[in-house]
J.: 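The structure follows.
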Amino acid sequence: MDHAARMTDAPKEKSRRIHDLPLPPEVRQRFQQLQVSRRFTRDPEVVRRILVRAPNWVGDAVMSLPVLAGLNRLFPLAEITVLAAPRVAPLFAAQPGVTEIIRYPSGRGKWQVLWDLRGRFEVALALPNSMESALGLWLVGVPSRVGYNTDARGLFLKEAVSGHEALAGLHTVFYLLGLLKALGGVATFTPPTLYLEPEEEAMGAHLLAETELPGQGPWVGLSPGAAYGPAKRWEPARFAALGRKLQREFGARLVLLGGSDERPVAELVKENLPEPVADLVGQTSLRQALGVLSRLNLLITNDSGLMHAAAALSVPLVALFGSTDPGATGPFTSRATVIRHLQPCSPCFQRTCDVGYACLTAISVDEVVAASRSWLEEGA
């Protein structure tokens, strides 16, 4: 195998313990409606190598973490390899049970990566619903290949899961967990949880300290971007107005976060903030961004990958929703306030809006300040 594609070895044992939760009754009932094309007959105690084809976007990848925890319970002696797009691969570092992360490139190079994996695995899961992900597992030659039977993918899957329509309206975390019915099912689950090494948390603190923002106020992150499109983005001017109020009331030290493609939006926010702000947009790797998130007192964000990452790090957050549905893709945590104003067309799931983005413009600066105040006062 191309060693450039291999990312990490087994993580150290983590001290952080997350309690498993029982599946909600409605989720258990919905799972009963799923059908599997072939009964899984392998002894879980003898399965040693599992391949997981990860989702392609940060938020989806975070929401897939309970699947990995479920595999650890079902196959306690197995090592898990995650095959992931380069932009999400770092998320899986330090995850319990994950012994190897392989970067799955775009373009023609992916076929060589798949060929190099042939014969290594006994069980594999295709978490994306794409035809390509199922075809990839078939090319790798894994005896047990699990995925939803969408878009006629059953030809390439051995344990194809049908009836996914019964899961409509459930959170994506549960939709992905439904795949485990093909391998024995789950009665409990681990909420999405990201793990950081101590040095990564220290690096996050160091990056914040390097900004040299004055004062001792709380660190408040602002994530004004969203890769999906403007229908998920609260106005930059309102983010700036929010920031000014938090600076005045709490002496908040503001940190702008996001990817390099979100620089234009971040600039619009920054130019309307008279007080200094730490601008880390496009300045960190994904793991560094996680380290910074872990040191925040609060994150205020659109529906984005960073929102899901903060939730999985137990960082308090205020999440602003426009065209999407928090019931399906909201932050999976009790430490979040979701602000959403339903419109007759909600949720439309569109990238842009022809009627003035009413769902977003209805979110006022004052109500976001009030939600932020609750979390900042609780942490004071």
J.: Under a 3.5 Å distance rule, please check whether Q350 uses its side chain to pair with a backbone N or O of C348 as donor and acceptor.
T.: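 Between the backbone of C348 and the side chain of Q350 there is a qualifying donor-acceptor contact (under 3.5 Å).
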J.: Do H206 and E201 pair up side chain to side chain, a donor and an acceptor below 3.5 Å, judged on atom types alone?
T.: no
J.: Return a table of donor-acceptor pairs under 3.5 angstrom between the side chains of residues 230-242 and protein atoms on other chains or two or more places apart.
T.:
unit_1: K232; atom_1: NZ; unit_2: D303; atom_2: O; d: 3.1
unit_1: R233; atom_1: NE; unit_2: A226; atom_2: O; d: 3.1
unit_1: R233; atom_1: NH2; unit_2: A226; atom_2: O; d: 3.0
unit_1: W234; atom_1: NE1; unit_2: I363; atom_2: O; d: 3.1
unit_1: R238; atom_1: NH1; unit_2: T361; atom_2: O; d: 2.7
unit_1: R238; atom_1: NH1; unit_2: I363; atom_2: O; d: 2.6
unit_1: R238; atom_1: NH2; unit_2: T361; atom_2: O; d: 3.3

J.: Measure from the side-chain N and O atoms of R335 to the backbone N and O of L317, and report whether any donor-acceptor pair falls under 3.5 Å.
T.: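 Not confirmed, R335 side chain does not pair with L317 backbone.
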J.: More than 12 non-hydrogen atoms from neighbouring residues, nucleotides or ligands closer than 6.0 Å to CD on E212, yes or no?
T.: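 It does not: E212 CD has 12 such atoms or fewer within range.
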J.: When you check the side-chain N and O atoms of Q112 and D116, is any donor under 3.5 Å from an acceptor?
T.: yes
J.: Does R87 count as lying over the ring of W57, i.e. NZ or CZ under 6.0 Å from the six-ring centre, within 45 degrees of the axis?
T.: yes
J.: Looking only at atom types and distance, does a side-chain atom of H308 sit under 3.5 Å from a main-chain N or O of T329, one as donor and one as acceptor?
T.: yes
J.: Are any of the side-chain nitrogens in E132 or R153 under 4.0 Å away from the carboxylate oxygens of its partner?
T.: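 R153 and E132: not salt-bridged.
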J.: Looking only at non-hydrogen atoms, find the nearest pair between L246 and S372 and report the distance.
T.: CD2-CB, 4.1 Å
J.: Test side-chain hydrogen bond (donor to acceptor under 3.5 Å, both in side chains) on S323 and R351; report intermediate values, then the result.
T.: CA-CA 8 Å; S323 67; R351 295 177 183 271; over 6 Å; no
J.: Any chance you could measure L222, atom CG, to L257, atom CG, to the nearest 0.5 Å?
T.: 8.0 Å
J.: Does S130 use its side chain to pair, donor to acceptor, with the backbone of S133 at less than 3.5 Å?
T.: yes
J.: Determine, stepwise, if the pair E26 / R30 fulfils salt bridge (Lys or Arg N to Asp or Glu O under 4.0 Å).
T.: CA-CA 6 Å; E26 181 183 0; R30 302 276 198 99; 2.6 Å; yes
J.: Applying side-chain contact (heavy atoms from CB on, under 4.5 Å), run through L71 and L125 and close with a yes or a no.
T.: CA-CA 10 Å; L71 289 171; L125 288 82; 4.0 Å; yes
J.: Mind checking what makes ring-ring contact (aromatic ring centres under 6.0 Å, His included) contact with F174, not counting sequence neighbours?
T.: F189, F332
J.: Is the side chain of D151 donor-acceptor paired with the backbone N or O of M131 at a distance under 3.5 Å, no angle test?
T.: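 Pair absent, no side-chain N/O of D151 close to backbone of M131.
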J.: Assess the residue pair C359 and R340 against the criterion (side-chain contact (heavy atoms from CB on, under 4.5 Å)); give the C-alpha distance rounded to whole Å, side-chain angles, the decisive distance to 0.1 Å, and a yes or no.
T.: CA-CA 7 Å; C359 55; R340 180 197 193 198; over 6 Å; no
J.: Tell me if a side-chain donor or acceptor on H171 pairs with a main-chain N or O of G330 at a distance below 3.5 Å.
T.: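 Here the side-chain-to-backbone pair exists.
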J.: Quick one: which of R38, K181, R145 gives a side chain to side chain donor-acceptor pair (under 3.5 Å) with E159?
T.: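 Of the listed options, the one satisfying the test is R38.
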J.: Under 3.5 Å, sequence neighbours excluded: what are the donor-acceptor pairs made by side chains of residues 45-55?
T.:
unit_1: R48; atom_1: NH1; unit_2: E45; atom_2: O; d: 2.6
unit_1: R49; atom_1: NH2; unit_2: T81; atom_2: OG1; d: 3.4
unit_1: R53; atom_1: NH1; unit_2: N56; atom_2: OD1; d: 3.1

J.: When you measure from the side chain of S364 to the backbone of E367, do you find a donor-acceptor pair of N or O atoms at a distance under 3.5 Å?
T.: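 It does hold such a pair.
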J.: Could you tell me whether R263 and E267 make a salt bridge, using a distance below 4.0 angstrom between a side-chain N and a carboxylate O?
T.: yes
